[in-house]
Amino acid sequence: MATELNQSYDPKSVEAKWYQAWEDNGCFDGEVDEENDSFAIMIPPPNVTGILTMGHVLNNTIQDILMRRARQQGKNALWQPGTDHASIATQVKVEQHLRDKGVDKRDLGREKFVETCWEWSKEHGGIIFKQLRTLGTSCDWRREVFTMDDRYTQSVLHAFVALYKRGYIYRGRYMTKWCPVSKTALSDEEVIMTPQKGHFWTMRYELVDSPGEFLQISTTRPETIMGDTAVAVHPDDDRYKDLVGKKVWRPFPREEIPIIADEAVDREFGTGALKVTPAHDQVDYEIGLRHDLPIVDVLNEDGTLNHLAGEEFEGMDRFEARKKAALRLEELGLLIKTEEYENNVGFSERGKVPIEPRLTDQWWMKYPKIEEAKRAVEKGIVKFHPERWEKVYLHWLNNIRDWAISRQLWWGQRLPVWYKKGADRNDPANVHVSVEGPADPENWEQEEDVLDTWASSWLWPFATLGWPSDDEKVRKELEYFYPTDDLVTGPDIIFFWVARMIIAGLEFMGDEKKELTDDDIEERIPFKNVYFTGMIRDLQGRKMSKSLGNSPDPLDLIDTYGADGLRFGIMNIAPKGSDILFSNERVEIGRNFCNKLWNACRFRQMSSDGASGDNTGSQEAIIGQIDFAKCDAFDHWILARTIETTKRVERLFQDYELSQLTHTLLNFVWGDFCDWYVEASKSKLNDDSLKANCLAVQDFVLRQSLQLLHPIMPHITEELWAAMGFGQKDSFLMQTTLLSSEGIEASLAKAGASLDKAAVMHIDQVKELITKARAIKAEYNVASKRDVSLIITAADAQAQRVVEENLDTIKKLAGAESIAFLDSVENAPGSVSALGTVYLDLASAIDVEAEKERLSKELAKLGKAIAAGEGKLNNESFISKAPPQVVEGAKKQLAETVAKRDEIQRLLQSL
RNA sequence: GCGCGGGUAGCUCAGUUGGUUAGAGCAACUGGUUUACACCCAGUAGGUCGGGGGUUCGAGUCCCUCCUCGCGCACCA
């Protein structure tokens, strides 16, 4: 049953094998099972053309850990995979690809272009999921969903139509954020404010009625002068009061424009006079509406100037026109000054150029269920981890503005909207909105625009489960898995995605209802917990990017460290909620730990002379093999530590403290088990009367460790599970229920065992004694000698008993041939511990000076502690106000420290 | 401008509701083939917890303030 293990762990031969086995045996399948609790995570769908990044590694490792943990708890778990069509991102890529081949998308036409996008998606679509598999992610691949699938598209259109009918969606001509590269409207969220160095020009416009008199105006955008239809000042500004109602000459094209008064003008800024360009600025547009100003749009959709800008500017790019307009002002003698200036400019997220405020016809959405969405998070019905992101979320909802959901693109869901041919589109009577389309299609033409990608992915948690459907099986699944449990994503998409999914869930997952109760909210939310990961950066704290070349290929890392090594390594350096400074060196620990675990199991195996015990049962069965009468203090200690660790892991999962998880398990397996228990075992394994019992304890600890580690390191633990013979035939560790800390305690009680608390404390003292002995050996350059003689002056009879009881282990671990007990020792280097003073019995004379120095240093340290302790205890207020157990603790502490100090002083004197 | 998060050992970070002499990993240094593991073992060194003030018997931890780094939102043309 058990197989022999190699000297070191080789991930390559192990990982692919188990992944295949899991998948072949349906271990990832999420199915409805009313007998069991459900657990579901919907993967944040990567862009269909994306490839695996370190961000994905982190994100999906976390999800896989949560999934595997849920399965260990007997839950029926579904991890739903899928990809996003990423409308604008994909279209930009495909357009570029076509341009490289010398093809313009317009020549191709809409239908052919969309076909190309489909080909592109199919070609690139599988890549990221192939890569994810090498990481060990346990998604239910049978259920892969693409947001452009027919069924998914039906969900999207259905939602659009429903919202339209409910009055949340409308069409209108308003100021929009326009990307001149992608030539489409954007939502507020797709605009990134970026500081830009530019110029601030101050110019003067001549008054029409008083030639020779001028009004000074400042601007950062002289290229829009041609679109000016007024100059505005503040109504209370005494400098300009008399000018309101008069006119000035707009320099080019030369035309009279009025001076108006509007409160939106800031008197302190610039000259206090503002050129008003209603077609090219949000504020100006609003001023224009208030004063009924003409709107002169001087820009084309690609950011070049049009004929309204005048002959000399027509066809010129906006930034070139800016320079030229400034030059023109100078030539006309109207430019007063030019200053260097830095301001924030909105950039298109995809187009990477400044957006242009522009008046366009778009489809808009008023968000439904805003109050409920706030309540869901405020009341913890949806919990954020870490909590602080709640503020960001609530702030956005409190300042929410209508969502521009139409995009002037071709790749995406085309709006289910038809207009009567040749009729006025602004008249609702001429607009048809439905999933199926009009009955007489020949009289209608469909809207050209497609939906914002996020207006499809906001339905992800339920559209993936087939909503809406009349099919009984589909409805059952939705009911069973929804609301899902956890969402794992980055805080950068709180607005884009997280908030909108919550809103969509509240609106659609139940009957149409204006207001929701808390109970309604609980049923409708898309997920109960949101875990926000940090961002992966390099050691300098820079974002990972292709251009910086600081972004390692996860596949190379998997090749070097193994998938499990990488998973462990990345979790180990990923503090909850803050960014991760990544370097290869920092994840080496994961690979090293895999090897350590491997060898711990290997050692256990080598100890059993090839005849492994019957481990194929449960933890209870292993406990049954332990004879507690034969257990010494170390056995009690490691069993207690196993329970403690299991308990701590339970708490950490509850709190989503996943990087603490790696620290805890590393400490336990490496620090407690390997460094102490296994080493202590070595003296017992020679004793036939103790050996079997010791191995049973080892089996218990290893079995529990493999299970606790499995969510983080699935492949190696599954391999060792099989190699150690812990698994029953045809069963996987992955599917084996984990015994809880309470379960272990109950099993121990059933076996009639109670752990000796005193023994646990004694081991800490024994460890201290051993460490002191090792240190003193190192000091005298005999660290590697295994045959030194130690002398111990025990602190008291009880301490001496503890040392005697663990004598073999102490000899073994300290590397001593003999240990003698004496009442006092002369002329030997010693070190003080709680159990007593340990001396190195040297044949040669000791270095008195060095020894004095060492002891003095120790003495100084203790002196400080004693002073602090005494100060505390001499303080009346401390005695009277601090809780009694704290005072007691301080007293005990002081007594121990004083004893140590006295002992060291005695040692010093004896030199 | 408003908000959020950092500043603890050379580096990266832990540090529960305030309560022993502030911890870990990596790096450094010293010594090591010991019933598994050099992807290892043992040991050493290294910190007035960003500055200042306050609350308290007691502060890395709570409050105020300042400095500094990063991020988000808003924005004056």
Side-chain angles (χ1 to χ4, degrees), chain A residues 5 7-9 193 200 217-221 224 232 264-266 268-270 273-277 281 283-284 287 343-344 386 388-389 391-392 395-396 399 491-492 494-495 535 537 539 541 561 565 572-573 575 577-581 583 585-586 588-607 651 655 659-660 663 666-667 671 674-675 678-679 681-683 685-686 771 774-779 781-786 812-813 815 861-862 864-866 868-869 871-872 875-883 885-887 889-890 892-894 896-897:
Chain A
L5 300 173
Q7 185 167 346
S8 63
Y9 174 56
M193 299 305 285
F200 196 46
I217 303 160
S218 300
T219 184
T220 54
R221 301 203 59 191
T224 62
V265 179
D266 180 354
E268 309 298 316
F269 191 83
L274 165 71
K275 72 190 246 333
V276 183
T277 322
D281 185 275
V283 173
D284 291 12
I287 294 175
N343 63 344
N344 281 327
R388 62 187 157 88
W389 294 110
K391 265 200 158 171
V392 177
H395 181 260
W396 184 75
N399 296 282
D492 51 327
I494 286 184
F495 314 140
M535 191 178 285
R537 298 169 178 281
L539 276 185
Y561 302 115
N572 193 51
I573 61 169
S578 53
D579 290 351
I580 296 111
L581 304 190
S583 74
E585 206 179 49
R586 294 194 72 198
E588 261 181 26
I589 185 79
R591 176 199 57 181
N592 297 353
F593 182 49
C594 283
N595 197 51
K596 190 70 185 180
L597 180 69
W598 182 264
N599 272 286
C601 288
R602 184 163 166 254
F603 179 76
R604 159 65 187 88
Q605 226 181 32
M606 291 165 90
S607 305
R651 215 206 73 211
D655 297 344
S659 75
Q660 294 293 317
H663 302 160
L666 182 82
N667 265 335
C674 293
D675 289 347
V678 170
E679 292 306 318
S681 295
K682 286 176 181 174
S683 58
L685 294 178
N686 282 332
T771 302
R774 283 167 172 172
I776 209 163
K777 279 175 70 187
E779 201 78 26
N781 295 322
V782 291
S784 52
K785 285 215 162 120
R786 318 273 314 135
K812 180 89 196 164
L813 298 195
K861 227 163 121 188
L862 293 175
K864 261 200 231 166
I866 289 168
K872 207 187 263 185
N875 186 335
E876 264 311 306
S877 326
F878 175 69
I879 304 289
S880 57
K881 291 187 182 171
Q885 67 269 28
V886 171
V887 176
K892 202 175 148 207
Q893 178 64 33
L894 180 63
E896 276 169 22
T897 314

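- Taking only distance into account, the side chain of A:N595 never meets the base of B:C37 through a donor-acceptor pair shorter than 3.5 Å.
- In this structure B:A42 sits in a base pair with B:U30, meeting the Watson-Crick or G-U test at under 3.5 Å.
- Pairing partner, B:C37: none, since no Watson-Crick or wobble contact has both distances short of 3.5 Å.
- Among B:G31, B:A36, B:G25, the nucleotide with an atom closest to any side-chain atom of A:I589 is B:G25.
- Here A:N343 does not reach the OP1 or OP2 of B:C75: none of its side-chain N or O atoms lies under 4.0 Å away.
- Taking the six-membered ring where tryptophan is involved, the planes of A:Y9 and A:W598 are tilted, since the angle between them lies from 30° to 60°.
- Regarding contacts with the backbone of B:G43, a side-chain N or O of A:R774 is found under 4.0 angstrom from either OP1 or OP2.
- Among the protein residues, A:D266 comes within range of the nucleic acid bases, having at least one heavy atom under 4.0 Å from a base atom.
- Contact annotation for A:K872: no contact, since no heavy-atom pair falls under 4.0 Å across all strands.
- For B:G5, the paired nucleotide is B:C69, the pair qualifying as Watson-Crick or G-U wobble because both relevant distances are below 3.5 Å.
- You'll find that the side chain of A:A882 is closest to B:G19, out of B:A36, B:G19, B:C75.
- Residue contacts shown for A:L274 include a base, since a base heavy atom lies under 4.0 Å away.
- Contact check, A:K391 against B:C4: a side-chain N or O comes under 4.0 Å of OP1 or OP2.
- The side chain of A:Q660 places no N or O atom within less than 4.0 Å of a non-bridging phosphate oxygen (OP1 or OP2) of B:A14.
- Distance from the side chain of A:V265 is smallest for B:A77 among the nucleotides B:U44, B:A77, B:C37.
- Pairing for B:A74 is absent, judged as Watson-Crick or G-U wobble with the two contacts each under 3.5 Å.
- Listed candidates were B:A36, B:U21, B:A14. Nearest to the side chain of A:L862 is B:U21.
- Here A:T771 lies in heavy-atom contact (under 4.0 Å) with sugar-phosphate atoms only.
- Between A:K596 and B:C41 there is a side-chain polar atom (N or O) within less than 4.0 angstrom of OP1 or OP2.
- Using a 4.0 Å heavy-atom cutoff across all strands shown, A:P883 reaches at least one base atom of the nucleic acid.
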